[in-house]
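Every chain is numbered from 1 and lettered A, B, ... according to where its sequence line falls, protein lines coming before strand lines.
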Amino acid sequence: MGTQEFNRSSIRVRFAPSPTGYLHIGGLRTALYCYLFARSQGGHLVLRIEDTDRTRFVADAENDIAQALWWCGLEVDEGPEQGGSYGPYRQSERQSLYVKYAESLVASGHAYYAFDSPDSIAALRKTNAAYGIGTRRQMDNSLTQSSDVVQRRLDAKEEHVIRLRVPENETVQFHDLIKGTVKVSSESIDDQVLIKSDGMPTYHLANVVDDHHMAISHVIRGDEWIPSTPKHILLYQMLGWQPPKMAHLPLILSPTGGKLSKRSAERQGIPINVRDYRARGFEPEAVVNFLAFLGWNPGSEDEVFGLKDLEQVFSLERVGSAPAQFDLNKLNWFNGQHLRRLDIEALANRALPFLEAHGIQGQDHRYLQEVCLLVRDRMEHAEDLSTRFSYCFVDPERFDLVGVKKRWKADAADLVRGYVDRLEAIKSFGEETLERELRTLAEERGVGAGRIIHPVRLAVSGTTAGPSLFALLHVLGRDTCIRRLRKAVHLLG
RNA sequence: GCCGCGUUCGUCUAGGGGUCUAGGACGCCGGCCUUUCACGCCGGUAACACGGGUUCAAAUCCCGUACGCGGUACCA
């Protein structure tokens, strides 16, 4: 693979997670921005698995990442599953490439073999700020030993690493598409390990080699990489490669401002892994919409966007540079918005697994859709049908006590009984009939319609809140209504 | 500690020298609609971190301070 073969003019972005755990919400945000940028530019999205840390490797993490991306509709153009002409897409399968470049760096004097033990490095760090310029002359490495000795030790398979030889007194700088120009003195950069003693590359080397070999045009990643970027720039220079454009995304913070860690998130009821959002029934488009707006905005006052809409309007220039706090309230609002955008069929399918989980099995599909139509404007989560609106499927087990006190007056039982009698007599169970019967009854008894409406709602649903009463009765059907009304009269008296 | 990045309503943000008596959204509060609850609509609440410059003019530019976050691994 020679540099010349790459077409540097085309936009190629990579999402490069480590399979050290399930994909978390922050990782998904990075993936989303990568995807959105690629799509908005007509470019390609590459998924690269950075599995160079064997100690933290989690076997099903890669699959989880793929699932999470799929769930959100983030289609990958090249990757371990979909293949592509720049593969393999797992770093563990590209090891020889990294070693080759590390050795070429040693040959050109930009890197060196180091035999120091982690302990001796740690000891030295206590008295020196960085492992670099001054300290490396005191260490046990190919800079302080004759080449014969070094070669003999290498041949003897003595444990060693390859370190980057950071130049002295240099200002390393790069332009970030989001942050602007970032400058760092080379004095503050460690002689970074490039190849670990197990032969695997570190992130820094593997990342640079792969981004170059995969013809990546734009590196879009989290803010936490800014301090490492100068090391990468140095590597590009030493290897004689053109660095890709850089864009570092601001981090997502917990609602209280700190790092959004697993612990802090869970304490506030925020799911941390993408799979948890899925399990909790969040709309993927809502999660995407919410995440997109955490650090970016279209510059207009529109807020509700589907993935396809976002692909049209996304731009890196409009990504902010300040970190953003996660706001569960807003996510829930987006969820309601996107839920309401679903057609009834889809909405019913969303609710189905939750109904089953709540023991509400074998619902007729047509009936389920009618219920969805009935309560859709009152839903914020797919799960609501099986919780707040479970009375659409099963008789209420209890009556809201505050509601009873407020709505079930002395004459309630009598009025409800009167209404049931009428329901048994009527032929049609349509909304209009139901309403007419109730209003007629109210008139006959000389009471306001509300005097009957409220107790009936309470009797039939157990609660005082809910959809239009007559629509509700109609959907529940005659048998259910009569049964519940009689039962309530019996229980509440 | 050192290095880096950041700072507009509680939160997400618009704004990039005069159009800012700082706009939108979530939340919260009130109203309309209505048999209830929602949805929807209307209205209200609430912010330029602080201190110095530069300028006729600064939320916007510069410098400091404070605070927050990140990095400082043979983790990514």
Side-chain angles (χ1 to χ4, degrees), chain A residues 16-21 50-53 55-56 91 114 116-118 121-122 125 129-131 159-163 176 178-180 182-185 187-190 192-204 206-207 221-230 248 250-251 253 255 257-259 290 293-304 318 320-334 336-337 340 375-380 388 403 406-407 435 438-439 442 448-458 461 463-470 472:
Chain A
S18 285
T20 54
E50 308 221 324
D51 55 350
T52 54
D53 184 352
T55 62
R56 293 203 303 156
Q91 290 187 327
D116 319 87
S117 70
I121 299 286
R125 270 183 207 285
Y131 183 79
E159 197 159 274
H160 67 279
V161 300
I162 296 179
R163 280 184 185 271
D176 188 280
I178 294 169
K179 310 282 180 182
V182 178
K183 286 182 197 165
V184 149
S185 160
E187 306 302 309
S188 67
I189 305 174
D190 266 4
Q192 190 62 50
V193 169
L194 265 20
I195 298 287
K196 300 183 260 190
S197 57
D198 67 357
M200 278 292 192
T202 55
Y203 172 87
H204 308 289
N207 182 254
R221 83 235 288 194
D223 235 355
E224 73 272 23
W225 291 107
I226 290 181
S228 312
T229 306
H248 288 93
L251 262 21
L253 270 26
K259 191 182 172 188
F290 168 71
F293 274 73
L294 224 45
W296 170 89
N297 74 83
S300 68
E301 289 187 348
D302 303 321
E303 301 233 52
V304 182
R318 295 202 63 85
S321 55
Q325 292 179 209
F326 193 104
D327 182 0
L328 197 55
N329 259 333
K330 195 130 188 183
L331 206 212
N332 286 332
W333 177 77
F334 273 120
Q337 293 294 317
R340 262 165 244 133
V375 303
R376 128 152 90 190
D377 283 348
R378 273 152 266 255
M379 289 178 73
E380 196 161 66
R388 275 167 45 222
K406 191 172 173 197
R407 302 295 195 189
E435 177 160 9
L438 188 140
R439 293 198 187 279
R451 203 77 180 174
I452 310 175
I453 288 172
H454 295 300
V456 168
R457 174 192 305 288
L458 198 52
S461 70
T463 161
T464 57
S468 159
L469 180 68
F470 305 109
L472 174 62

Q: Any side-chain heavy-atom pair from A:T229 and A:K179 closer than 4.5 angstrom?
A: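 Sidechains of A:K179 and A:T229: no contact.
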
Q: Specify the separation, in whole Å, of atom NZ of A:K179 and atom P of B:G71.
A: 13 Å

Q: Which residue lies toward the 5' end of RNA chain B, A:G180 or A:H454, if each is placed at its nearest nucleotide?
A: A:G180

Q: Would you find a donor on one side and an acceptor on the other, under 3.5 Å apart, between the side chain of A:T202 and the backbone of A:V193?
A: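 At least one qualifying donor-acceptor pair exists.
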
Q: Which value, in whole Å, describes the distance between the C1' atoms of nucleotides B:C33 and B:C37?
A: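 After rounding to an integer number of Å, I get 13 Å for this pair.
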
Q: For the backbone of A:H248 and the side chain of A:D176, can you confirm whether one donor and one acceptor N or O come within less than 3.5 Å of each other?
A: yes

Q: Between B:C75 and A:R56, counting only base atoms on the nucleotide and side-chain atoms on the residue, is there a donor-acceptor pair under 3.5 Å?
A: yes

Q: Using a cut-off of 4.0 Å on non-hydrogen atoms, how would the nucleic acid contact of A:T464 be classed: base, sugar-phosphate, or nothing?
A: base

Q: By ring pair (Phe, Tyr, Trp, His ring centres under 6.0 Å), which residues pair with A:F293, not counting sequence neighbours?
A: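 A:F293 satisfies ring pair (Phe, Tyr, Trp, His ring centres under 6.0 Å) with A:W296, A:F305 only.
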
Q: In whole angstrom, give me the gap between the P atoms of B:C3 and B:G64.
A: 13 Å

Q: Mind checking who B:C75 pairs with, Watson-Crick or G-U wobble, both distances under 3.5 Å?
A: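 Its partner is none (no Watson-Crick or G-U wobble pair with both distances under 3.5 Å).
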
Q: How many Å lie between CD1 on A:I178 and P on B:C5, as a whole number?
A: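 Going from CD1 in A:I178 over to P in B:C5 covers 14 Å.
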
Q: Would you say the side chain of A:R340 lies within less than 4.5 Å of the side chain of A:D377, judging by non-hydrogen atoms?
A: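 Answer yes - side chains close enough.
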
Q: Would a distance-only check, ignoring hydrogens and angles, find a side-chain to backbone donor-acceptor pair under 3.5 Å from A:R318 to A:N297?
A: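 Yes: the side chain of A:R318 pairs with the backbone of A:N297.
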
Q: Expressed as a whole number of angstroms, how long is the span from A:D223:CG to B:G6:P?
A: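 Atom-to-atom, A:D223 to B:G6, this comes out as 8 Å.
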
Q: Kindly indicate whether the side chain of A:V182, heavy atoms from C-beta on, has any atom under 4.5 Å from the side chain of A:I226.
A: yes

Q: Any side-chain to backbone donor/acceptor pair from A:K330 onto A:F290? Under 3.5 Å, distance only.
A: no

Q: Check the distance between B:C69's P and A:L253's CG and give it to me in whole angstrom.
A: 7 Å

Q: Pick the P atom in B:G27 and in B:G70, then give their distance to the nearest Å.
A: 29 Å

Q: Respond yes when some side-chain nitrogen or oxygen of A:R407 is under 4.0 Å from OP1 or OP2 of B:U36, and no when none is.
A: no

Q: Taking the C1' atom of each, how far is B:C67 from B:C32, in whole Å?
A: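 Per the computed distance, 44 Å lies between those C1' atoms.
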
Q: Could you work out the separation of B:U11 and B:C50 based on their C1' atoms and round it to a whole Å?
A: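 Nearest-Å result for B:U11 against B:C50 at atom C1': 22 Å.
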
Q: Please list, for nucleotides 8-16 of chain B, all pairs of protein and nucleotide N/O atoms separated by less than 3.5 Å.
A:
| unit_1 | atom_1 | unit_2 | atom_2 | d |
| --- | --- | --- | --- | --- |
| B:C12 | OP1 | A:Q325 | N | 2.9 |
| B:C12 | O2' | A:F293 | O | 2.7 |
| B:U13 | OP1 | A:G295 | N | 2.7 |
| B:U13 | O3' | A:N297 | ND2 | 2.9 |
| B:A14 | OP1 | A:N297 | ND2 | 2.9 |
| B:A14 | O3' | A:R318 | NH2 | 3.4 |
| B:G15 | OP1 | A:R318 | NH1 | 3.4 |
| B:G15 | OP1 | A:R318 | NH2 | 3.3 |

Q: Return whichever of A:P467 or A:D51 has its heavy-atom-nearest nucleotide of RNA chain B closer to the 5' end.
A: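 Residue closer to the 5' terminus by nearest nucleotide: A:P467.
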
Q: Report the base-pairing partner of B:A38 (Watson-Crick or G-U wobble, both distances below 3.5 angstrom), or none.
A: none

Q: Does B:C69 have a Watson-Crick or wobble partner in any strand here, with both distances under 3.5 angstrom, and which is it?
A: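 In the structure as shown, B:C69 has B:G4 as its Watson-Crick or wobble partner.
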
Q: Considering only side-chain heavy atoms of A:P227, which listed nucleotide, B:A76, B:C74, B:G71, is closest?
A: B:G71

Q: In whole Å, what separates the P atom of B:U13 from that of B:C56?
A: 36 Å

Q: Keeping A:D53 on the side-chain end and A:T55 on the backbone end, is there a donor-acceptor pair under 3.5 Å?
A: yes

Q: How many whole angstroms separate atom CG of A:D190 from atom P of B:C74?
A: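 Between P of B:C74 and CG of A:D190: 8 Å.
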
Q: Describe the nucleic acid contact of A:S185 in one word from base, sugar-phosphate, nothing, applying a heavy-atom distance below 4.0 Å.
A: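 Counting heavy atoms under 4.0 Å across all strands, no contact is made by A:S185.
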
Q: When rounded to the nearest Å, what value does the distance between C1' atoms of B:G40 and B:U55 take?
A: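 After rounding to an integer number of Å, I get 49 Å for this pair.
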
Q: When all nucleic acid strands are considered with a 4.0 Å heavy-atom cut-off, which category describes A:I226: base, sugar-phosphate, or nothing?
A: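 Sugar-phosphate contact only - A:I226 comes under 4.0 Å of backbone atoms but never of a base.
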
Q: Hunt down the Watson-Crick or G-U wobble partner of B:C56, both distances under 3.5 Å, from any strand shown, or write none.
A: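 B:C56 is paired, partner B:G18.
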
Q: Is it the case that the base of B:U35 and the side chain of A:R451 share a donor-acceptor contact (distance under 3.5 Å, atom types as modelled)?
A: no

Q: Under 4.0 Å between a side-chain N or O of A:S188 and OP1 or OP2 of B:U72?
A: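 Result: no.
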
Q: Between B:C28 and B:C39, how far is it from one P atom to the other, in whole Å?
A: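 Comparing P positions in B:C28 and B:C39 gives a spacing of 10 Å.
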
Q: Categorize A:V193 for me: base, sugar-phosphate, or nothing, with a 4.0 angstrom heavy-atom threshold over every strand shown.
A: sugar-phosphate

Q: If you check the A:R340 side chain, which of B:C3, B:C39, B:C74 turns out closest?
A: B:C39

Q: Closest approach of A:A206 and A:Q91, non-hydrogen atoms and distance?
A: CB-NE2, 3.4 Å

Q: Mark yes or no for whether A:R407, through its side chain, and A:V456, through its backbone, hold a donor-acceptor pair below 3.5 Å.
A: no

Q: Looking only at atom types and distance, does a side-chain atom of A:R378 sit under 3.5 Å from a main-chain N or O of A:A465, one as donor and one as acceptor?
A: no

Q: Would you mind reading off the distance between A:E187 atom CD and B:U72 atom C1', rounded to a whole angstrom?
A: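 Distance, rounded to whole Å: 15 Å.
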
Q: Go along nucleotides 59-65 of chain B 5' to 3' and tag each nucleotide: B for a protein heavy atom under 4.0 Å from its base, S when only backbone or sugar atoms are that close, - otherwise.
A: -------

Q: If the cut-off is 4.0 Å, is A:K196 near the phosphate of B:A76, judged by side-chain N/O to OP1 or OP2?
A: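 For B:A76, OP1/OP2 do have a side-chain N/O of A:K196 under 4.0 Å.
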
Q: Could you let me know what B:C33 is paired to, Watson-Crick or G-U wobble, both distances under 3.5 Å, or none if it's on its own?
A: none

Q: Heavy-atom count around A:K259 NZ within 6.0 Å, excluding the residue itself: above 12?
A: no

Q: Between P on B:C69 and CG on A:L251, what's the gap in Å once rounded to a whole number?
A: 11 Å

Q: Grab the CD1-P distance between A:I189 and B:U72 for me, whole Å please.
A: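 So the CD1-P distance, A:I189 to B:U72, works out to 13 Å.
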
Q: Have a look at A:T20 and say if it touches a base, only the backbone sugar-phosphate, or nothing, with a 4.0 Å heavy-atom cut-off.
A: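 A:T20: no heavy atom of the nucleic acid under 4.0 Å.
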
Q: Considering every strand and a 4.0 Å limit on heavy-atom distances, what is the contact class for A:G257: base, sugar-phosphate, or nothing?
A: sugar-phosphate

Q: Does B:A46 have a Watson-Crick or wobble mate here (both distances under 3.5 Å), and if so which one?
A: none

